[in-house]
Amino acid sequence: ACGKAGQCEKALSLLRKMHDAHSPRPDVIIYGAAISACEEAGQWEEALLLLGEMHSMYGLHPNVITYNSAISACGKAGKWEKALSLLEDMRSVHGLNPDVITFNAVISAYGRAKQWRRALFLFRKMHSVYGLIPDVITYSTAIDACGKAGQWEKALSLLGEMHSGHGLSPNIVTYNAAISACGRAGQWKNALLLLRGACSIDGLSPDEFTYNSAIDACGKEGRWEEALSLIGEMQSVYGLCPDVVTFNSAIDALGKAGQWKRA
RNA sequence: GGAUUAUUGUGCG
């Protein structure tokens with residue numbers, strides 16, 4: 001609870017109180033929760049300390065979930081090398097089998113660090129070497145990793161792969177990542193095609209992220225008329241509320257087009 | 001029964 005509320009310090013001080021002799025002994029789940037709390041606060045070093053401490057102080061063995069949390073903590077802090085070495089440790093040191101969530105977390109770590117080649121390599125390897133089937137989160141994460149690195153064509157081909165595969169359909173987050181990938185690369189027309197495709201091909205309802213990403217895609221290219229029209233549409237067709245992000249992108253569009261009065 | 005993974009803007013750090 002402390003972690004989700006951004007109160008990493010409170011979580012850690014509760015854990016320290018459990019070191020008292022008359023307190024109940026912390027278990028593997030308590031440590032998992034504490035490591036997650038570090039993750040939200042960017043405290044990857046603390047997360048790694050806890051991973052060691054649970055064994056040295058209490059003889060607790062980290063499990064796959066504990067490792068996944070620690071990997072995610074490192075990934076969110078931009079430490080992809082640490083994330084990768086945890087993936088190796090969990091196998092070689094603890095004999096644990098990484099699961100789909102483990103790989104998703106490492107791919108996400110690569111994405112944040114703009115390591116798209118590594119992200120795609122691991123994406124393939126999790127299937128070919130570990131026999132794990134990528135899920136919709138794996139695809140969304142990999143698409144986002146490509147998008148963050150400017151690789152919009154790679155992102156779109158992953159989305160296409162989902163459609164040609166079997167039993168795995170993109171959800172709105174997958175599309176949002178793809179739209180954002182196009183937007184970052186100046187591909188505003190493709191971003192709009194994806195927005196339409198999400199509805200017409202996959203029957204998905206766009207959310208605020210979808211529209212904000214599409215509006216920003218237009219904004220980056222100065223397409224202010226399209227941007228303003230999308231703001232109207234998100235309200236009238238889907239009942240979505242433009243927020244501060246929406247307006248920032250629209251103002252950006254107007255500014256780039258020299259429309260300072262409208263801005 | 002309780003802990004883990006994905007998506008949007010600007011600026012600053």
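- Relative ring orientation between A:H94 and A:H61 is described as perpendicular, the plane-to-plane angle rising above 60° on a 0-90° scale split at 30° and 60°.
- With hydrogens and angles left out, the side chain of A:N63 and the base of B:A3 share a donor-acceptor pair within 3.5 Å.
- Whole-Å rounding puts the A:I179 CD1 to B:G9 C1' distance at 15 Å.
- When only modelled atom types and interatomic distance are considered, A:S140 and A:T174 share a side-chain donor-acceptor pair under 3.5 Å.
- Nearest nucleotide to the A:F209 side chain, out of B:U5, B:G2, B:U8: B:U8.
- Within a 6.0 Å sphere centred on NZ of A:K148, other residues, nucleotides and ligands contribute more than 12 heavy atoms.
- One interatomic measurement links the two molecules: CG of A:L195 to P of B:U7, which rounds to 19 Å at whole-angstrom precision.
- Nearest to the side chain of A:N212, among B:U8, B:A6, B:U4, sits B:U8.
- The side chain of A:S213 has B:U8 as its nearest neighbour among B:U8, B:U4, B:A3.
- Contact annotation: A:K220 side-chain N/O to B:U8 OP1/OP2 distance is not under 4.0 Å.
- Residue A:V28 is in base contact, counting any heavy-atom pair closer than 4.0 Å across all strands shown.
- Residues from residues 108-115 of chain A placing a heavy atom under 4.0 Å of any atom in RNA chain B, listed by number, are A:S108, A:R112.
- Atom P of nucleotide B:A6 and atom CH2 of A:W116 are separated by 22 Å, given to the nearest angstrom.
- Set against B:U4, B:G2, B:A6, the side chain of A:S69 has B:U4 as its closest nucleotide.
- Of the candidates B:U4, B:G9, B:U8, B:U8 carries the atom nearest the A:R184 side chain, counting heavy atoms from C-beta on.
- Looking only at atom types and distance, the side chain of A:S249 has no donor-acceptor partner in the side chain of A:D252 under 3.5 Å away.
- Less than 6.0 angstrom separates the ring centroid of A:Y130 from the ring centroid of A:F103.
- Among the nucleotides B:A3, B:U4, B:U8, the one closest to the side chain of A:N68 is B:U4.
- Counting distance only, with no hydrogens placed and no angle test, the side-chain atoms of A:S140 and the base atoms of B:A6 include a donor-acceptor pair under 3.5 Å.
- Judged by distance alone with a 3.5 Å cut-off, a donor-acceptor contact links the side chain of A:N171 to the base of B:A6.
- Taking atom CD of A:E39 as the reference point, atom P of B:U4 lies 8 Å away to the nearest angstrom.
- The aromatic ring centres of A:Y139 and A:F123 sit less than 6.0 Å apart.
- Donor-acceptor pairing under 3.5 Å is recorded for the side chains of A:N212 and A:T246.
- The 12-atom threshold is not exceeded at NZ of A:K82, counting heavy atoms of other residues, nucleotides or ligands nearer than 6.0 Å.
- As rounded to whole Å, 13 Å separates atom C1' of B:A3 from atom CE of A:M18.
- Look at NZ on A:K256: it is 12 Å from P on B:G9, rounded to the nearest Å.
- Rounded to an integer number of Å, the gap from A:Y211 OH to B:G9 P is 18 Å.
- Donor-acceptor pairing under 3.5 Å, judged by distance alone, is absent between the side chain of A:N248 and the base of B:G11.
- At B:U4, none of the side-chain N or O atoms of A:K76 fall inside 4.0 Å of OP1 or OP2 (strictly under the cut-off).
- Summarising the geometry, the separation between CG on A:L14 and C1' on B:G2 is reported as 15 Å, rounded to the nearest angstrom.
- Of the candidate nucleotides B:U7, B:G2, B:A3, B:U7 has the atom lying nearest to any side-chain atom of A:N176.
- Residue A:V173 places its side chain closer to B:U7 than to any other of B:G2, B:U4, B:U7.
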